[in-house]
Amino acid sequence: VKRAKEVYGEDKDKLNELSDKPSDKKLNSTIKYSDYFVEDDIEYDLHENFTYKRPSGFKLNSDKIINVKNWKDLLVKTCEILFEIDEQKFLSFENNSKFITERRIRFSKTPSSMKSPMPIKNKLFVETNESANDIKNIIIILLKEYKIDINKFKIYLKADYSNLHK
């Protein structure tokens, strides 16, 4: 509407006509995000599609749920746990071809080579500018590198916004 005022001035009829478009109404409607909260005690495994879903926590080889804010946090906390299990193995990921693609390096000691690096125990950085499903796939590769059964990793969700994108 601001741009429309610049173009049409104060012509209220034209501005009203523009704001009555269905696409504008959708943009201006208020979304009640709490309507999309889900039961946070349901376990999901790494075979799920996590597009438009938000995590609340995860479990790895234990009964303790580790709370997270978002997918980036889930990746970082998973990396920190794996780092504690075997630091040398984790540090080797910087040169592991499974974590290097044409577009990006997923682990590095040099954060300047990454878009959104997060430190893991101040020894290595992980790229966190990834989609939910890319993060899930990175975790699958990490677990396989550690010879951890991927079925031992459980994710808990706080929201599912899939219906907003239909």
Side-chain angles (χ1 to χ4, degrees), residues 26-27 29-166:
K26 187 176 180 182
L27 289 174
S29 67
T30 304
I31 296 169
K32 189 174 175 188
Y33 287 102
S34 61
D35 289 346
Y36 300 94
F37 291 165
V38 295
E39 295 292 325
D40 63 356
D41 60 346
I42 298 172
E43 291 183 347
Y44 296 87
D45 61 31
L46 293 171
H47 301 291
E48 302 282 334
N49 178 351
F50 290 109
T51 302
Y52 306 124
K53 296 175 178 131
R54 301 294 175 264
S56 64
F58 71 97
K59 282 195 309 192
L60 174 59
N61 278 338
S62 75
D63 291 327
K64 181 184 174 204
I65 297 173
I66 296 154
N67 295 321
V68 296
K69 295 179 236 163
N70 51 40
W71 288 107
K72 292 178 181 191
D73 195 28
L74 188 141
L75 177 60
V76 169
K77 288 182 177 180
T78 300
C79 287
E80 289 173 345
I81 290 168
L82 295 175
F83 183 95
E84 292 297 323
I85 291 171
D86 186 339
E87 179 178 340
Q88 291 310 312
K89 181 183 290 292
F90 194 86
L91 293 175
S92 74
F93 295 155
E94 181 179 28
N95 300 312
N96 186 323
S97 62
K98 293 176 184 169
F99 298 108
I100 300 170
T101 68
E102 288 180 22
R103 296 181 316 127
R104 103 176 21 167
I105 296 169
R106 296 228 161 85
F107 293 95
S108 179
K109 290 180 183 163
T110 317
S112 61
S113 64
M114 305 169 115
K115 286 185 179 183
S116 187
M118 289 296 294
I120 305 300
K121 303 291 184 179
N122 292 318
K123 298 226 177 172
L124 199 63
F125 291 87
V126 62
E127 176 60 69
T128 61
N129 185 28
E130 307 281 358
S131 72
N133 286 316
D134 285 342
I135 287 173
K136 170 193 76 168
N137 293 332
I138 292 166
I139 290 171
I140 289 170
I141 296 168
L142 286 167
L143 295 175
K144 286 181 177 180
E145 288 293 308
Y146 274 83
K147 295 180 177 37
I148 296 172
D149 181 357
I150 64 169
N151 294 313
K152 303 268 184 189
F153 194 97
K154 302 297 179 188
I155 295 175
Y156 297 85
L157 299 177
K158 62 181 161 196
D160 182 349
Y161 302 117
S162 300
N163 288 334
L164 287 175
H165 301 278
K166 288 185 177 180

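Remark: L75 CG to K136 NZ distance equals 14.0 Å, nearest 0.5 Å. Taken from CZ in F37 to CG in D160, the straight-line distance is 12.5 Å, to the nearest 0.5 Å. With rounding to the nearest 0.5 Å, the separation of OG in S92 from CZ in F99 is 8.0 Å. Distance check: Y156 OH to E39 CD gives 13.0 Å after rounding to the nearest 0.5 Å. Rounded to the nearest 0.5 angstrom, R106 CZ and I100 CD1 are separated by 10.5 Å. With rounding to the nearest 0.5 angstrom, the CD1 atom of I155 is 8.0 Å from the OG1 atom of T78.
Only one option out of V68, I120, L60 pairs with K77 in a side-chain contact (heavy atoms from CB on, under 4.5 Å); it is V68.
When all heavy atoms of G57 and L74 are compared, the pair lying nearest together is O-CD1, 4.3 Å. When all heavy atoms are compared, the tightest approach of K64 to K59 is O-CG, 3.3 Å. Taking all atoms of both residues into account, the shortest heavy-atom contact from I150 to L46 is O-CD1, 3.9 Å. Between S116 and T128, the closest heavy-atom pair is O-OG1, 2.6 Å. Pairing each heavy atom of I148 with each of K152, the nearest pair is CG2-CB, 4.5 Å. The shortest non-hydrogen separation linking S113 to S108 is OG-OG, 3.6 Å.
Using modelled atom types, one finds a donor on one side chain and an acceptor on the other under 3.5 Å when comparing N133 with N49.
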message: Using the rule given for side chain to side chain contact (heavy atoms under 4.5 Å, CB included), can you reason through Y36 versus N163, listing the C-alpha separation, both sets of side-chain angles and the distance that settles it, and then say yes or no?
response: CA-CA 8 Å; Y36 300 94; N163 288 334; 4.2 Å; yes

Stepwise salt bridge (Lys or Arg N to Asp or Glu O under 4.0 Å) check, E87 with K121: CA-CA 10 Å; E87 179 178 340; K121 303 291 184 179; over 6 Å; no

task: Tell me, with the steps shown, if I138 and V126 meet side chain to side chain contact (heavy atoms under 4.5 Å, CB included).
output: CA-CA 10 Å; I138 292 166; V126 62; 5.6 Å; no

- prompt: For R54 and L157, what are the C-alpha separation, side-chain angles and deciding distance, and is it a side chain to side chain contact (heavy atoms under 4.5 Å, CB included)?
  reply: CA-CA 6 Å; R54 301 294 175 264; L157 299 177; over 6 Å; no

message: Using side chain to side chain contact (heavy atoms under 4.5 Å, CB included), reason through K72 and M118 one step at a time and then give a plain yes or no.
response: CA-CA 9 Å; K72 292 178 181 191; M118 289 296 294; 5.8 Å; no

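A salt bridge is absent between E48 and K53; no separation between the charged side-chain nitrogens and carboxylate oxygens falls under 4.0 Å.
F107 and F93 have tilted rings, their planes meeting at an angle from 30° to 60° on a 0 to 90° scale. Using bins of under 30°, 30° to 60° and over 60° for the plane-to-plane angle, the ring pair F50/W71 lands in the tilted bin.
Residues N96 and I141 fail the side-chain proximity criterion, which asks for heavy atoms closer than 4.5 Å. By the 4.5 Å heavy-atom criterion applied to side chains, F83 and K123 are counted as neighbours.
When atom types are taken as modelled, the side chain of E127 and the backbone of N129 share a donor-acceptor pair closer than 3.5 angstrom. Distance alone, capped at 3.5 Å, places no donor-acceptor pair between the E94 side chain and the L124 backbone. No donor-acceptor distance shorter than 3.5 angstrom exists from the side chain of D134 to the backbone of E130, with no hydrogens or angles considered. One N or O on the side chain of Y146 and one on the backbone of L82 form a donor-acceptor pair closer than 3.5 Å. The backbone N or O of R104 sits less than 3.5 Å from a side-chain atom of T101, completing a donor-acceptor pair. Remark: the backbone N or O of K69 is paired with a side-chain donor or acceptor of K158 at under 3.5 angstrom.
The aromatic ring centres of Y33 and Y161 sit less than 6.0 Å apart.
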